[in-house]
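Predicted model only: the values in this text are computed from it and were never measured. Sequence lines set the chain letters: A, B, ... in the order given, protein chains first and strands last, and positions in each chain run from 1.
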Number of protein chains: 2
Amino acid sequence: MASPANRSGSVRARNARWRGALAVLEEMRREPGVTRAAVARRLGLTTGSATEITARLRDLALLAETQAATLGRGRPTTVLGPHPEGPLVIAVDIRQEDWRCAVAALDGAPDVVEAEAHADRDPAAVIAAIGRAVRRVHDRHGHRVRAVSVAVAATVRSGGVVQAASLGWDAVDLRALTADPRTPLLIGNDATLAGVAEARLGAAAGAVAALHITIEVGIGGTLVVGGRPVDGATGAGGEFGHLPFGDPALRCPCGARGCWDMTVDGRAIARHVGDPPPRDPRTYALEALRRVRGEPAVRAAVGRAAEAFGGGLAGLINALDPDIVTLGGLAEPLRAAAEPRFTAALTDGLMRFRRADPPPVVAAALGEAGALHGAAAAALDHVLTEDGLNAWAAFVGAGR
Amino acid sequence: MASPANRSGSVRARNARWRGALAVLEEMRREPGVTRAAVARRLGLTTGSATEITARLRDLALLAETQAATLGRGRPTTVLGPHPEGPLVIAVDIRQEDWRCAVAALDGAPDVVEAEAHADRDPAAVIAAIGRAVRRVHDRHGHRVRAVSVAVAATVRSGGVVQAASLGWDAVDLRALTADPRTPLLIGNDATLAGVAEARLGAAAGAVAALHITIEVGIGGTLVVGGRPVDGATGAGGEFGHLPFGDPALRCPCGARGCWDMTVDGRAIARHVGDPPPRDPRTYALEALRRVRGEPAVRAAVGRAAEAFGGGLAGLINALDPDIVTLGGLAEPLRAAAEPRFTAALTDGLMRFRRADPPPVVAAALGEAGALHGAAAAALDHVLTEDGLNAWAAFVGAGR
DNA sequence: CGTTTATGCTCGCCGCACGAGTTTATTACG
DNA sequence: CGTAATAAACTCGTGCGGCGAGCATAAACG
């Protein structure tokens, strides 16, 4: 029989050991710059427990206290922040044209330290370049790096890339990205991670169920419930672009027919205008959105795309019941370019009982930084667990 | 400032107090008839802790130990089961034609104690009848009843019924169902709760993300992740029938256009056959499924519906990435009646990378009992929390 | 410069689970 | 039939995280 201690449901595993400590670290992460007194109040901790917990965390290099800018009477409290020698995570964002590599401490703010346009789209070359960057960062910070998290513009499944249309990749193994095989490597879809970031600290902060939708080449997104993306059994959830809202006669490169994708992005606009399929649908769409004012044909084509977008989004709202929708990438400019048609289609597609108070549809707040923030958040989720802190404590303890 | 102890994020609230006890009770619930030794092994508890926890739970009337049928050498262990004087929940299922009221102990098995066909579809009359039944059961068991949970064939939002097409109800207040306003009343959609039951103890047990789809009048269902339904911000998620997979020319009674609903149920079959819209689409569909063998026109109509069902389901699989799909209500007979067309449409609608190992699509295991099981499970989720057990302990303690 | 106020610190206590050792109930075997 | 083997339950001392109460401290107010 397997060791009982390894059972995931084990009481031993979800020990009380780090409960208070984790709660404090989560507060610090959720709201950088919180004071110790505020955290204690919010968590219902006595000042005694707060003292004890912060002391423990300080000793473990998990947290630093700095003087607060005093604002009132009473003994001044301290501001909680990440420890200067504390754990770090590496966040990478691989996009269509370039990649970025950032470092984040426990407050989750990614600090971009390396970035480069793809010299060559060949996956091996791109991965080698990023791998070198990760290794440099890893070497610089040593054991402080606790996880590497990658956001990639691709369909991700079970921690691997299955297909990346915009990059022109097939299945690709990203495991070469970690410098150290013992450091956990997390792979996530960029739109999913951007959605996580929006829901935790962006435009959807505080929502119960936040739907994030982004348009680049095709549609990406995710539903985020309680801060966690609903990404299915293998992590490939959120491929809303491949719901058959579109024309069944159109075959999508994904292999299915009638994909929503094909009716809203640059390919759809080009089709409506009468242009040949663009090599780079994203750039084509951006261009078209600029030409809307002067050219009625483009205006009509963009309007049709916005309508298809609004109608499909209404269906998603019917099915998923979010309390807010955030739009990333080209989704917001597309809506803005044909707002009346978008809104009409959205309203018309909603179930009647939803029309009285439909969820607000707002622009994403984090913009291009979303995926990187989300990747850092995913990595920190890994670090800020009982297992993660046990490992860190063992490492800090050994170094003394 | 609000009392810190009331904060949901409070460390105090998620106290360690009931951690081990809850884990043991969950095991007993997940697998009725487990032995104490097996639970201890699975949870990684020492025999000492197991002794202590079971003793505590026995004293609180939360658990009873009975002699196990001995199977090997060594000191015999005991079987854990619900205590004869322990907490109970009332589960109600309101369907198109009738309702049922059941009682369940902590093992979650609902025992139907009252059932009746609707004499009259008038909501007030139905609710009054059910309310009387609930009150009778409540009176019989007194304070042992800890929650009332209702599964209803209706769109549910924020704990209230918004619209019930099959019952012909508009917004209806179900609060009159509780005998005692202090007893929590939980309202859930029947298809959602059936999905929960399938995922926890039915055909999808053990799945990471289980998609349940049922067809009655329209389509219902839910995605269940980690035993909890993904039901959005207000509990109205899972209305997959109102995704616009269908013909945009068709206006759905829900107010939207092109709803998937309209292309798969009895209404769709009638349309394809050339019959007028049936008054009871469920019965019509059942009838049609029987006539498939002899009548080519019906066979073709059912085939079209099965095809629309398979194609839409493929889209949902693309978007939600379940590792299993369970079919309830007429969904399974519909598939069976036109299996080749259903499967062809399903496969054709999947993204290419999913075709190698698509999620299994299986019949629901719990059948008609699903919603009642799910309602009981939802009620027990309420009871088996730290708050729930604290309240119970206070009640048991006071009675001595 | 004392008072007020908000916060941090110290220390004894409690409850839960752990671990090691002991006891008990049953089967297997000579 | 009695003894060994085995599996599980019971007992009790320990450790750890958080609680509470009381005390100490750093600012702002008047």
Roughly how many Å is it from [atom1] in [X] to [atom2] in [N], rounded to a whole number?
X	N	atom1	atom2	value
B/L389	C/dC16	CG	C1'	15 Å
B/W18	C/dA17	CH2	C1'	15 Å
B/I53	D/dA9	CD1	C1'	14 Å
B/D59	C/dC16	CG	P	12 Å
A/E65	C/dC9	CD	C1'	12 Å
A/L43	D/dC19	CG	P	10 Å
B/L45	D/dA7	CG	P	20 Å
B/Q67	D/dA7	CD	P	18 Å

For [X] and [N], is the shortest distance between a side-chain N/O and OP1 or OP2 below 4.0 Å?
X	N	value
A/T51	C/dT10	no
B/R17	D/dG17	no
B/R19	C/dA17	no
B/T77	D/dA8	no

5′-ward residue of the pair B/S49/A/A50 relative to DNA chain C: A/A50
Donor-acceptor under 3.5 Å (A/T35 side chain, A/T77 main chain):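 No.
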Earlier contact from the 5' end, DNA chain D, for A/G72 and A/A21: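 Nearest nucleotide further toward 5': that of A/A21.
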A/E52 side chain, from C-beta outward: closest of D/dG18, D/dA9, C/dT26: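 Looking only at side-chain atoms, A/E52 lies closest to D/dG18.
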Nucleotide nearest B/T47 when distance is taken to its side chain, options D/dC19, D/dA9, C/dA17: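 The listed nucleotide nearest to B/T47's side chain is D/dA9.
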Nearest heavy atoms of A/A379 and A/L186, plus distance in Å: CA-CD1, 3.7 Å
Where A/H138 and A/I90 come nearest, the two heavy atoms and their spacing: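 Here A/H138 and A/I90 meet closest at N-CD1, 4.1 Å.
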Qualifying residues under ring pair (Phe, Tyr, Trp, His ring centres under 6.0 Å), relative to B/H143, sequence neighbours excluded: B/F395
Partner residues of B/R228 under the side chain to side chain donor-acceptor pair (under 3.5 Å) criterion, sequence neighbours left out: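 With sequence neighbours excluded, B/R228 shows a side chain to side chain donor-acceptor pair (under 3.5 Å) to B/D381, given in chain and number order.
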Tabulated below should be each protein N or O lying under 3.5 Å from an N or O of nucleotides 4-6 of chain C; please produce it.
unit_1 : atom_1 : unit_2 : atom_2 : d
C/dT5  : O4'    : A/R73  : NH1    : 3.4
C/dT5  : O2     : A/G74  : N      : 3.3
C/dA6  : N3     : A/R75  : N      : 2.8

Cationic N near anionic O, under 4.0 Å, B/E65 to B/R58: yes
Residues B/R29, B/R200; criterion side chain to side chain contact (heavy atoms under 4.5 Å, CB included); working and verdict: CA-CA 10 Å; B/R29 184 180 168 198; B/R200 293 207 192 168; 3.0 Å; yes
